[in-house]
Amino acid sequence: MFELMAPAKVNWSLYVLDKREDGYHNILSLMHCIGLYDTLTFEHSDTIELITNMNILPEHNLVYKAAKSLQSYAEIKDGARIVLKKDIPSGAGLGGGSSDAAYALIGLNKLWGLGLDKDELKEIGSSIGSDVPFFFNCPMAIVEGRGDILTPLEMDISYPLLLVKPAIPISTVWAYERLGAKGKAQETKTELTKTMDKFNNIQLIYKALKTGDVSLLKSSAHNDFEEVVMEKYPIIKDLRRKLLNAGASMAIMSGSGSTVFGLFEDREKATNAARQFSSHWNRVVETYISS
Ligand SMILES: C[C@](O)(CO)[C@H](O)COP(=O)(O)OP(=O)(O)OC[C@H]1O[C@@H](n2ccc(N)nc2=O)[C@H](O)[C@@H]1O
Ligand SMILES: Nc1ncnc2c1ncn2[C@@H]1O[C@H](COP(=O)(O)OP(=O)(O)OP(=O)(O)O)[C@@H](O)[C@H]1O
């Protein structure tokens, strides 16, 4: 029996580009693994058994789907008893389900002695969820395409974040639909110029994180989902403002919501600020650095 810790992520920036023929959207994002974890334990069994503290059917769990996909890819009938202990909230924009799936693939590859490489596991992961491949690239990566084109990045500085999540689970499907329904504002720039501006912004955020330039980070971070999600759930906007008032240097929503995170000067300031958010789920975490 062995245990793996599946980390959550935040999006420092997230642009949703065009809608593709397969119904998904191309995105451009800078994603970063953070020190908030679900725990998975693995042991041999005759069938695939999933024990978890989530209240969804095991067959609907991304961990179960990952196990089934790996079994069929490797053409094996081995089973596993997997215990999933959730600490990452669901529908939070923190990618918890996707990380669980990625670490289920890593764990079962080891348990079953399959010897598959990271690229093969990523490929299997991509059919389970768009965010799954990213979790093979902690500490951070630029994420493009549907979520399957990754540019891994190095990081030497760890940042303390305060995560705050109101009691609203947000469906990613809903958020993408709402973004589509909203339509695009009239813009004069060409699509290519707009995409280049966005790519430049992502590079700027990375540069800001590498050098600890918080004001550059603040002016460059952006999430395309914020406007549509905050319009429906103003509490998220209120929490972002409250994080800034509580001393955060910058605050932004992660993924399709509903978590907002604030960047603090140090862990102590983040922990002090957390007291103001006691009526919501909240957590102080550190961002990952390269090992
Ligand atoms: C919002 C993000 O978290 C940003 O990192 C991801 O794009 C979402 O990734 P995810 O939760 O793994 O999403 P999936 O489970 O693959 O897809 C859920 C639904 O979201 C929409 N979806 C997702 C990813 C993507 N690039 N384009 C989309 O349009 C599709 O309607 C899809 O049916
Ligand atoms: N192991 C799992 N952990 C969390 N959610 C899961 C899992 N398996 C299936 N799900 C389903 O996936 C949906 C949301 O998953 P998740 O929490 O990863 O999304 P999220 O926090 O919105 O992340 P993001 O939008 O960043 O991908 C929920 O409807 C949940 O029922």
Side-chain angles (χ1 to χ4, degrees), residues 4 6-34 36-40 50-69 82-105 107 122 125-135 137 140-150 163 165 168-181 202 222-226 228-229 236 252-261 281:
L4 293 180
K9 58 88 178 165
V10 290
N11 304 71
W12 286 110
S13 227
L14 173 55
Y15 294 102
V16 179
L17 309 176
D18 53 312
K19 187 165 182 177
R20 303 151 40 126
E21 302 222 319
D22 60 8
Y24 286 86
H25 293 76
N26 284 312
I27 63 163
L28 175 58
S29 185
L30 181 65
M31 290 172 38
H32 203 160
C33 295
I34 56 170
L36 167 69
Y37 305 93
D38 290 339
T39 312
L40 293 109
L50 175 64
I51 295 117
T52 158
N53 57 344
M54 290 186 73
N55 58 356
I56 58 167
L57 287 173
E59 308 84 86
H60 293 168
N61 203 298
L62 295 182
V63 168
Y64 188 86
K65 289 183 185 169
K68 281 289 184 192
S69 298
I82 308 167
V83 180
L84 166 66
K85 189 175 153 289
K86 288 290 297 179
D87 198 22
I88 306 171
S90 296
L94 298 173
S98 307
S99 184
D100 295 346
Y103 281 81
L105 292 174
K122 262 164 119 170
S126 151
S127 66
I128 300 163
S130 310
D131 271 347
V132 180
F134 164 72
F135 287 98
N137 284 94
M140 70 191 308
I142 296 175
V143 181
E144 293 174 86
R146 208 193 100 196
D148 50 343
I149 304 173
L150 295 150
L163 312 177
K165 184 193 172 291
I168 311 162
I170 294 194
S171 144
T172 305
V173 179
W174 170 85
Y176 273 104
E177 275 170 6
R178 201 167 161 96
L179 205 57
I202 296 266
H222 173 84
N223 183 339
D224 269 343
F225 284 111
E226 273 195 336
V228 289
V229 173
I236 301 176
I252 193 166
M253 190 176 82
S254 184
S256 50
S258 56
T259 304
V260 276
F261 65 96
W281 178 92

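First listed ligand is number 1; within each ligand, the first listed atom is number 1. Computed from a prediction, not measured in an experiment: that's the story for all the values here.
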- [ ] Please collect all salt bridge (Lys or Arg N to Asp or Glu O under 4.0 Å) contacts where either partner lies in residues 22-34, sequence neighbours excluded, each pair once.
- [x]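 Matches after skipping sequence neighbours: R20-D22.
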
Task: All pairs passing salt bridge (Lys or Arg N to Asp or Glu O under 4.0 Å) where residues 93-103 contributes a residue, at least two apart - done: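 Every pair satisfying salt bridge (Lys or Arg N to Asp or Glu O under 4.0 Å) with a residue in residues 93-103: K86-D100.
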
Give yes if a backbone or side-chain nitrogen or oxygen of [X] is under 3.5 Å from a nitrogen or oxygen of ligand 2, and no if not.
X    : answer
G95  : yes
G257 : no
G93  : yes

TODO: Tell me whether the centres of the aromatic rings in W12 and F261 are closer together than 6.0 Å.
DONE: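 Judged by ring-centre distance (under 6.0 Å), W12 and F261 do meet the cut-off.
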
Among all protein non-hydrogen atoms, which one is nearest to [atom], and what is the separation to 0.1 Å?
atom                    : answer
atom 26 (O) of ligand 2 : K9 NZ, 2.8 Å
atom 19 (O) of ligand 2 : G91 N, 3.9 Å
atom 18 (O) of ligand 2 : G97 N, 2.7 Å
atom 12 (O) of ligand 2 : L62 CD1, 4.9 Å

TODO: Check the pair C33, F134 against side chain to side chain contact (heavy atoms under 4.5 Å, CB included), reporting the backbone distance first and the verdict last.
DONE: CA-CA 9 Å; C33 295; F134 164 72; 3.7 Å; yes

What I'd like to find out is whether the side chain of [X] reaches to under 4.5 Å of the side chain of [Y], using heavy atoms alone.
X    : Y    : value
S254 : L94  : yes
P7   : Y103 : yes
M140 : L30  : yes
S171 : E177 : no
Y24  : S130 : yes
V229 : N223 : no
D131 : T172 : no
S256 : Y176 : no

Task: Distance-only polar pair, side chains of S29 and N11, donor-acceptor under 3.5 Å - done: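 Yes, side-chain donor-acceptor contact under 3.5 Å.
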
Can you list the atoms of ligand 2 that are under 4.0 Å from a heavy atom of [X]?
X    : result
L84  : 1 (N)
A92  : 20 (P), 21 (O), 22 (O)
L94  : 21 (O), 23 (O), 26 (O)
D100 : 1 (N), 2 (C), 3 (N)
S256 : 25 (O)
G96  : 18 (O)

Please check if a non-hydrogen protein atom sits closer than 4.0 Å to [atom].
atom                    : answer
atom 29 (O) of ligand 2 : no
atom 6 (C) of ligand 2  : yes
atom 1 (N) of ligand 2  : yes

Task: Within-shell test, G255 vs ligand 2, heavy atom, strictly < 4.0 Å - done: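 Contact absent.
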
Open item on the list: Taking a cutoff of less than 4.0 Å between a non-hydrogen atom of the residue and any ligand atom, is K86 in contact with ligand 2?
Closed with: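 Checking ligand 2 against K86, which is what was asked, there is a heavy-atom contact under 4.0 Å.
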
For ligand 1, run through the N/O pairs with the protein that fall under 3.5 Å and put one pair on each line.
residue	atom	partner	partner atom	Å
ligand 1	3 (O)	D131	OD2	2.6
ligand 1	5 (O)	N11	ND2	3.4
ligand 1	5 (O)	D131	OD1	2.9
ligand 1	5 (O)	D131	OD2	3.4
ligand 1	7 (O)	Y176	OH	2.6
ligand 1	12 (O)	S130	N	3.1
ligand 1	12 (O)	D131	N	3.0
ligand 1	16 (O)	S130	N	2.8
ligand 1	16 (O)	S130	OG	2.6
ligand 1	26 (N)	H25	O	2.9
ligand 1	26 (N)	R146	O	3.1
ligand 1	27 (N)	H25	N	2.8
ligand 1	29 (O)	H25	N	3.3
ligand 1	29 (O)	H25	ND1	2.7

Donor-acceptor pairs under 3.5 Å, side chain of residues 54-65 to any protein atom, not counting sequence neighbours: which ones?
residue	atom	partner	partner atom	Å
N61	OD1	V63	N	3.1

- [ ] Verify side chain to side chain contact (heavy atoms under 4.5 Å, CB included) between L14 and D224, making sure each step is shown before the conclusion.
- [x] CA-CA 6 Å; L14 173 55; D224 269 343; 5.7 Å; no

- [ ] Pick, from V173, I88, D131, the option with the minimum heavy-atom distance to atom 24 (P) of ligand 2.
- [x]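 Residue with the shortest heavy-atom distance to the ligand atom: D131.
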
Open item on the list: Please compare I56, T172, L50, I128 and report which has the shortest non-hydrogen distance to atom 10 (N) of ligand 2.
Closed with: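 Shortest heavy-atom distance from atom 10 (N) of ligand 2: I56.
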
Open item on the list: At under 4.0 Å between heavy atoms, is it the side chain or the backbone of T52 that contacts ligand 2, or both, or neither?
Closed with: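 None of T52 does.
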
Open item on the list: Would L150 and K122 count as a side chain to side chain contact (heavy atoms under 4.5 Å, CB included) here? Give the steps.
Closed with: CA-CA 10 Å; L150 295 150; K122 262 164 119 170; 3.4 Å; yes

